[in-house]
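Just so we're on the same page: letters track the sequence lines, and every chain starts at 1.
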Amino acid sequence: MRMPTPDAEVLARRADIVSRLREIAPGEAVISDPAELKAYECDALTAYRQPPLVVCLPENTEQVAAMLRLCHEMRVPVVPRGAGTSLAGGSLPTADSVILGVSRMAEVLEIDLEDRFVRVQTGVTNLSVTGAVQDEGFFYAPDPSSQLACAIAGNIAMNSGGAHCLKYGVTTNNLLGVRMVTMQGEIIDLGGPHMTEGGYDLLGLICGSEGQLGVVTEAWLRVLPSPEGARPILFGFESSEIAGACVADIIREGVLPVALEFMDGPAIKVCEDFAKAGYPLDAQALLIVEVEGSEAEIASQLAAIRRIAERHGPIAIKESASPAESAAIWAGRKSAFGAMGRISDYMCLDGTIPIGELPGVLRRIEELSEQFGLRVANIFHAGDGNMHPLILFDANKPGDLETCEAFGAEILKLCVDVGGCLTGEHGVGVEKRDLMTHQFNPVDLAQQAAVKDVFDPLWLLNRGKVFPLEIFESRIAA
Amino acid sequence: MTKLAGASATLSPADEAEVAQAVKQAAADRTPLEIMGGGSRRGLGRPAQAGRTLSMAGLSGITLYEPGALTLVARSGTPLAEIETALAAERQMLSFEPMDHRPIYGLSEAGPTPTIGGVVAVGASGPRRVQAGACRDSLIGVRFVNGAGEAVSSGGRVMKNVTGYDLVKLMAGAFGELGVLTELSFKLSPRPEIAATLRLYRLEDARAVAAMTSALGSPFNVSAAAHAPATLDGEAVTLLRLEGFADSVAYRAGALRDRLAEFGEVEINDDPMDGAAVWSEVRDVAPFAGREGALWRIAVRPSRAAQLVAVISTHREALAYYDWGGGLIWLMTPEDDMAGARILRAESAKIGADAVLVRASDAVRAAAPTFPPQPEAVAALARGLKAKFDPYGVLNPGRMTP
């Protein structure tokens with residue numbers, strides 16, 4: 001994969017850039033030792049690696065602003081970084097770039113449960129936001145699988161989702177405001193501690209812009225009262241078609257579970273081996289349905305869901321009987337990627353499809369699997385159509401990664417062709433940028449690039465991501 | 001597009017290609033357009049400075065509705081009522097409960113027809129915003145024609161989509177300044193089986209906000225919370241709504257009544273007629289419909305709402321009620337002295353509230369900014385976007401931004 005050509009002038013001025021950054025933040029905040037830079041050469045998309053020019057770990061928004069001002073003045077590309085857990089290469093550096101990481105800005109600044117928000121520095125992890133308020137009976141809803149490690153900064157950049165967003169929405173629906181530094185070094189607030197009004201929705205534009213429009217250093221997050229209780233139920237089916245029909249029926253009947261997760265046969269086996277969650281190994285499709293409320297509400301909702309599911313002849317039904325069983329059921333699902341990683345190298349895709357297309361898409365993936373000679377396991381947020389096919393490959397086998405990428409591209413194009421999209425929650429990053437032309441026509445992409453022009457006319461922020469490289473190159477030439 | 005060629009002041013395209021052609025022509029002539037759905041929300045924002053009207057009424061109809069996927073796509077000129085009827089047949093709904101602006105502007109139901117495009121252009125969100133989010137949160141895809149006359153697509157018909165920048169949010173609430181909306185996609189909600197309204201009486205404003213805060217901070221999934229002070233109707237009443245399956249609503253209503261015992265006796269009413277009537281009054285600002293006076297909509301931290309109303313009332317005559325658990329204040333005040341803009345803006349700014357002037361004479365709206373002022377760095381970004389999306393300044397100029 002090609003990345004933007006490093007600017008030779010920037011490379012030549014490295015010593016000067018480092019010393020001027022150190023004037024802004026002395027000591028350990030500026031990392032230039034090549035051995036230490038290696039730690040920042042990639043994120044969770046480990047197939048691509050490139051150490052940056054220098055890494056900055058500022059302590060506050062003012063330092064971020066001074067650093068961005070300097071980089072803007074010296075025309076140095078900047079790559080913002082949260083916890084480095086992007087699966088799409090969202091914080092992959094270029095050789096001429098300054099990594100601007102928010103990992104040392106990880107404080108919870110304000111907890112206001114009367115107005116139901118928490119203000120944080122964006123280096124905090126997703127899970128620690130809930131951790132800060134759960135004793136008072138509140139939680140932060142978006143729950144990506146990596147929530148123990150991933151930072152709010154990256155959640156905002158990618159508009160992260162999770163298993164429970166069918167009911168609670170994704171990051172953008174739970175984000176009240178941001179403090180952001182523009183590439184020119186200006187500090188601005190968009191939104192704030194309450195539901196704001198007036199002006200264009202720049203907050204909505206920033207969320208999901210993959211660190212290309214500014215560096216978000218603080219955020220006001222909406223927190224919600226925790227439900228009285230929650231309980232999952234499992235259904236095993238003989239085929240994906242049947243499971244897909246069951247999902248559509250559940251939704252149509254007006255029951256809106258908080259989570260509705262799907263796994264196919266290969267995924268069931270791997271997750272069960274790992275988590276011992278009691279998944280039915282003879283099933284070709286598994287649904288995990290979770291509902292919330294009081295004991296009585298949970299019982300009545302689960303009964304309703306059971307009635308609907310039974311119309312589709314499940315071969316296994318298992319309702320969680322204890323908190324430990326519920327935890328095991330979710331541990332199996334949430335550890336799916338890790339469990340898969342134990343048995344093979346894999347690439348995780350993230351396309352979304354209209355849920356009615358599920359059976360046809362799974363059939364086609366199976367055909368492609370045979371054609372490319374690589375195995376696939378499917379995990380799927382069934383309620384909202386967000387698929388996570390995991391393609392298994394062998395990184396040590398020459399050509400396997402390339403075959404895997406070609407296979408992945410076919411699946412994502414298929415998602416678009418049936419009315420869906422390339423990415424539901426991981427972001428485009430470097431991974432999917434060249435497929436953007438499959439989902440968008442040149443006018444659509446030009447309109448998005450025009451937004452980039454407004455915020456960052458020199459395209460210094462997070463180069464080589466989101467847009468096909470030709471668009472980036474034509475814009476900086478202009 | 002029969003009227004396009006003539007000198008008529010109204011252009012009536014029949015499809016997106018004709019919209020694009022009309023905008024292209026307007027850009028070439030440098031003739032600004034006022035973009036109009038049904039025309040029921042023209043009183044919002046500032047009067048557009050345009051010589052011609054672009055009517056979107058010709059782009060009408062639901063193009064895709066998948067109840068099993070909770071997804072609906074419709075052309076922007078589709079009457080809201082048509083969409084609501086189609087959704088009701090499948091026991092579904094738009095979760096953000098769009099407000100009908102006609103009552104506050106004195107327009108009758110026989111008058112202008114609200115369209116889905118108008119709902120999105122102004123970002124009309126009702127009482128359920130506290131629970132289910134705003135219009136922009138339900139909107140998952142847009143097609144629009146930019147100011148150069150090019151058709152653009154963003155988002156799509158799936159509810160989880162982070163592919164490319166989110167122009168969907170940007171278009172919602174932009175008052176047509178950045179593009180002419182042609183097609184819109186929504187994620188939907190199941191329509192609740194029943195709703196119950198809980199009432200508390202005779203609470204002072206601050207106490208009422210405290211009661212609403214307690215309710216919204218409970219696990220009982222309150223879907224709306226409003227308060228009308230005694231100044232409005234003689235007796236103060238605080239309203240809380242619970243929705244869902246009958247058993248669940250009954251359970252939660254009881255639990256919430258116990259939780260709120262310190263605020264007084266709670267009356268529970270699950271008569272659907274009562275609920276529909278009272279919440280559409282809250283949604284459509286019925287207390288201030290048919291009355292003389294300028295109308296403000298103020299978004300604020302709930303904990304500071306009562307104090308803001310009290311302070312404004314020391315400066316000038318004002319009547320107010322609260323929605324969104326105190327997060328939204330509807331405030332009516334006489335039109336004199338620019339509808340009190342100076343006081344309202346100054347007091348709002350002190351506590352970070354956003355005051356929007358929703359109803360006033362054209363003269364006042366043309367002279368006073370109807371939207372809260374933005375810091376220069378933010379305003380510059382907004383101007384930059386406007387210049388990129390509408391390079392010839394032909395789309396609703398002045399409607400939002402002077």
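For a residue to count as touching a neighbouring chain, one of its non-hydrogen atoms must lie under 4.5 Å from one of that chain's; by this rule A:E425 touches chain B with backbone and side chain alike. Using a 4.5 Å cut-off between heavy atoms, B:V209 does not touch chain A at all. For A:C165, the part sitting under 4.5 Å from any heavy atom of chain B is the side chain, from C-beta outward, and nothing else. Of the atoms belonging to A:M195, heavy atoms from both backbone and side chain fall under 4.5 Å from chain B. Within the 4.5 angstrom heavy-atom criterion, no atom of B:L328 approaches chain A. In this structure, chain B has no heavy atom under 4.5 Å from any part of A:A296. Contacts between A:K167 and chain B at a heavy-atom distance below 4.5 Å involve the side chain alone, from C-beta outward. Neither the backbone nor the side chain of A:L435 comes within contact range of chain B, judged by heavy atoms closer than 4.5 Å. Looking at B:V378, both its backbone and its side chain come within 4.5 Å of chain A, counting heavy atoms on both sides. In this structure, chain B has no heavy atom under 4.5 Å from any part of A:V416. Interface remark: B:R297 contributes side-chain atoms only to the contact with chain A (heavy atom separation under 4.5 Å). Residue A:D444 touches chain B through both its backbone and its side chain, counting heavy-atom pairs closer than 4.5 Å. In this structure, chain B has a heavy atom under 4.5 Å from the side chain of A:L213, while its backbone stays farther away. Contacts between A:P354 and chain B at a heavy-atom distance below 4.5 Å involve backbone atoms as well as side-chain atoms. Contact annotation for A:H426: only backbone heavy atoms (N, CA, C, O) come within less than 4.5 Å of a heavy atom of chain B. Proximity to chain B is limited to the backbone of A:D189, based on heavy atoms less than 4.5 angstrom apart. Residue A:S226 touches chain B through its backbone alone, counting heavy-atom pairs closer than 4.5 Å. Contacts of A:F440 with chain B are made by side-chain atoms alone, with heavy-atom separations under 4.5 Å and no backbone atom involved. Contact annotation for B:A210: neither backbone nor side-chain heavy atoms come within less than 4.5 Å of a heavy atom of chain A. Looking at B:A353, the atoms closer than 4.5 Å to chain A (heavy atoms on both sides) all sit in the backbone: N, CA, C or O.
By number of non-hydrogen pairs under 4.5 angstrom with chain A, the leading residue of B:F371, B:F389, B:F245 is B:F389. Contacts with chain A were tallied for B:G217, B:P372, B:A255; B:G217 has the most, counting heavy-atom pairs under 4.5 Å. No other option in B:A377, B:S154, B:P219 has as many heavy-atom pairs under 4.5 Å with chain A as B:P219. Counting heavy-atom pairs under 4.5 Å between each of B:T370, B:T71, B:D354, B:D247 and chain A puts B:D354 at the top. Looking only at heavy-atom pairs under 4.5 Å with chain A, the residue among B:G155, B:A299, B:P190 that has the most is B:A299. When each of B:S248, B:G325, B:G384 is checked for heavy-atom pairs under 4.5 Å with chain A, B:S248 comes out on top. Listed options A:G293, A:A450, A:S300, A:A446 were ranked by heavy-atom pairs under 4.5 angstrom with chain B; first place goes to A:A450.
Distance check: A:Y200 OH to B:E177 CD gives 3.5 Å after rounding to the nearest 0.5 Å. If you take OH on B:Y251 and CD on A:E295, they are separated by 9.5 Å, rounding to the nearest 0.5 Å. To the nearest 0.5 Å, atoms OG (A:S209) and CG (B:D166) are separated by 9.5 Å. In this structure, NZ on B:K169 lies 10.0 Å from CG on A:L203, to the nearest 0.5 angstrom.
A:D384 places no side-chain N or O within donor-acceptor distance of the main-chain N or O of B:K160, the cut-off being under 3.5 Å. Although no hydrogens or angles enter the test, the distance criterion places a donor-acceptor pair under 3.5 Å between the side chain of A:H194 and the main chain of B:G352.
Heavy atoms only, all atoms of each residue included: B:T163 and A:L422 are closest at OG1-N, 3.6 Å. Taking every heavy atom of both residues into account, B:R157 and A:V418 meet most closely at NH1-O, 3.9 Å.
Taking the charged nitrogens against the carboxylate oxygens, B:R301 and A:E114 have no contact shorter than 4.0 Å, which rules out a salt bridge. Ion pair B:E90/A:R252 flagged as a salt bridge, since at least one NZ, NE, NH1 or NH2 atom sits closer than 4.0 Å to an Asp/Glu carboxylate oxygen. Between B:R136 and A:E197, none of the side-chain N atoms (NZ, or NE/NH1/NH2) sits under 4.0 Å from a carboxylate O, so this pair counts as no salt bridge.
There is no side-chain donor-acceptor pair under 3.5 Å between B:Y165 and A:E210.
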Between A:V451 and B:K388, does the side-chain contact (heavy atoms from CB on, under 4.5 Å) criterion hold? Intermediate values first, please. CA-CA 8 Å; A:V451 172; B:K388 288 283 184 188; over 6 Å; no
Assess whether side-chain contact (heavy atoms from CB on, under 4.5 Å) is satisfied between B:N161 and A:Q439, documenting all intermediate values. CA-CA 12 Å; B:N161 184 350; A:Q439 181 166 339; 4.2 Å; yes
Given the rule in the side-chain contact (heavy atoms from CB on, under 4.5 Å) test, do B:L385 and A:L202 qualify, once you have shown the distances and angles that lead to the verdict? CA-CA 10 Å; B:L385 289 170; A:L202 300 184; 3.4 Å; yes
Intermediate values then yes/no, salt bridge (charged side-chain N to carboxylate O under 4.0 Å, His left out), A:E297 and B:R252: CA-CA 9 Å; A:E297 288 176 291; B:R252 286 182 281 140; 3.2 Å; yes
Does the pair A:D115 and B:S303 meet the rule for a side-chain hydrogen bond (donor to acceptor under 3.5 Å, both in side chains), with working shown? CA-CA 6 Å; A:D115 290 331; B:S303 61; 2.6 Å; yes
Show your reasoning for whether side-chain contact (heavy atoms from CB on, under 4.5 Å) applies to B:L167 and A:Q447. CA-CA 9 Å; B:L167 305 185; A:Q447 198 71 62; 3.9 Å; yes
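In this structure the side chain of B:V162 never reaches within 4.5 angstrom of the side chain of A:T172, judged on heavy atoms.
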